[in-house]
Amino acid sequence: CQWEAMNTADTRSEAHTQALDRRKATALNELLIGSGITPRFAECTLDNFVTDLQPEKMRALAICRVYVDQFEENYRAGRSLLLSGNVGTGKTHLASGMVQQVIRKFSATALIVSAAEIIRIAKGAMVRGADYTERDVISELASLDLLVIDEIGAQKGSEYELGLLHEIIDRRYQLVLPTVVVSNLPANALSQFIGDRALDRLRQNGGQAVGFSWSSMRATA
């Protein structure tokens, strides 16, 4: 079996090497399955993002590439990234590509999840008989090597929602962990959904805001 090959085979043997490769592949697969990337964006990578040689798109792609290439440094610094701007401009494509690349290249734990989904899961803790608490949700999201919060600004923006998202971002800030925020709103309008302090902390220590100002890239009927 795989465990026996790993633990009893000569470390120089082909069986041991193959067992290690299988374990690595299994671990990578588990990370990718748990990445939160939906089927719609499963094939989205940094390599197949179409820029049409437009300078703004090329700049956005370049920043995302550099962020991933320098992820070890960004991780140690807890350096975050904001992707914001018009609907349909490829923000989630790039964010999903970053998550996949960080997992594949660094075997990091990374997740992309919408703000609405975070709120839905957290509110589920309030249901009688729930087997987890809101604190569990916050702790889990705060422990990931990279967290991408998508669609901030699409929720209602209630006091509870603002407080929850602020606490998650703040907890990761305190733990010096990087967070990527994705929104259809301008960067300066995000504070009403995550709070001024959280927005300020995302920008600290070299955190960049990337604007997506071009028209929707989605095909029209």
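Only this structure's heavy atoms are used, side chains among them; waters, hydrogens and symmetry mates stay out. Residues take their numbers from the sequence shown, with the count starting at 1.
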For this session: Is it possible for you to say whether Met217 and Leu83 belong to one hydrophobic cluster, with membership spreading through side-chain heavy-atom contacts below 4.5 Å?
Result: yes

Problem set entry | Val87 with Val182, same ILVMFWY side-chain cluster at under 4.5 Å | no

Exercise. Between Arg172 (side chain) and Pro178 (backbone), is there a donor-acceptor pair under 3.5 Å?
Worked result: yes

Problem set entry | Closest heavy-atom pair and its distance - Lys105, Asp69 | NZ-OD1, 3.6 Å

Problem set entry | Single-linkage hydrophobic cluster Ile168~Val176, side-chain heavy atoms < 4.5 angstrom | no

Seminar exercise, completed: Looking only at heavy atoms, the pair that brings Val50 and Lys57 closest together is O-CD, 4.0 Å

For this session: Using side-chain hydrogen bond (donor to acceptor under 3.5 Å, both in side chains) as the criterion, list what pairs up with Arg120, not counting sequence neighbours.
Result: Glu117

Problem set entry | For Phe106, all residues meeting ring pair (Phe, Tyr, Trp, His ring centres under 6.0 Å), sequence neighbours excluded | Phe71

Below 3.5 Å, can you tabulate the donor-acceptor pairs from side chains in residues 139-150 to any protein atom, sequence neighbours excluded?
residue, atom, partner, partner atom, Å
Ser139, OG, Arg135, O, 2.9
Ser143, OG, Glu140, O, 2.8
Asp145, OD2, Thr109, N, 2.8
Asp145, OD2, Thr109, OG1, 3.1
Asp150, OD1, Thr92, OG1, 3.4
Asp150, OD2, Thr92, OG1, 2.9

Problem set entry | Transitive ILVMFWY side-chain link Leu165 to Leu190, under 4.5 Å | yes

For this session: For Tyr173 and Gln204, test the side chains for any donor-to-acceptor distance below 3.5 angstrom and give the result as yes or no.
Result: yes

Problem set entry | For Asn184 against Asn86, the heavy-atom pair lying closest together | OD1-O, 4.1 Å

Exercise. For atom CD of Glu43, is the number of surrounding heavy atoms from other residues, nucleotides or ligands below 6.0 Å larger than 12?
Worked result: no

For this session: Looking only at non-hydrogen atoms, find the nearest pair between Ala115 and Ile152 and report the distance.
Result: CB-CG1, 4.0 Å

For this session: Without swapping roles, check the side chain of Gln100 against the backbone of Ala42 for a donor-acceptor pair under 3.5 Å.
Result: yes

For this session: Measure across Arg203 and Asn188 and return the closest heavy-atom pair with its distance rounded to 0.1 Å.
Result: NH2-N, 4.2 Å

Exercise. Would one find more than 12 heavy atoms of other residues, nucleotides or ligands at under 6.0 Å from atom CD of Gln174?
Worked result: yes

For this session: For the pair Tyr132 (side chain) and Ile121 (backbone), establish whether a donor and an acceptor sit closer than 3.5 Å, ignoring hydrogens and angles.
Result: yes

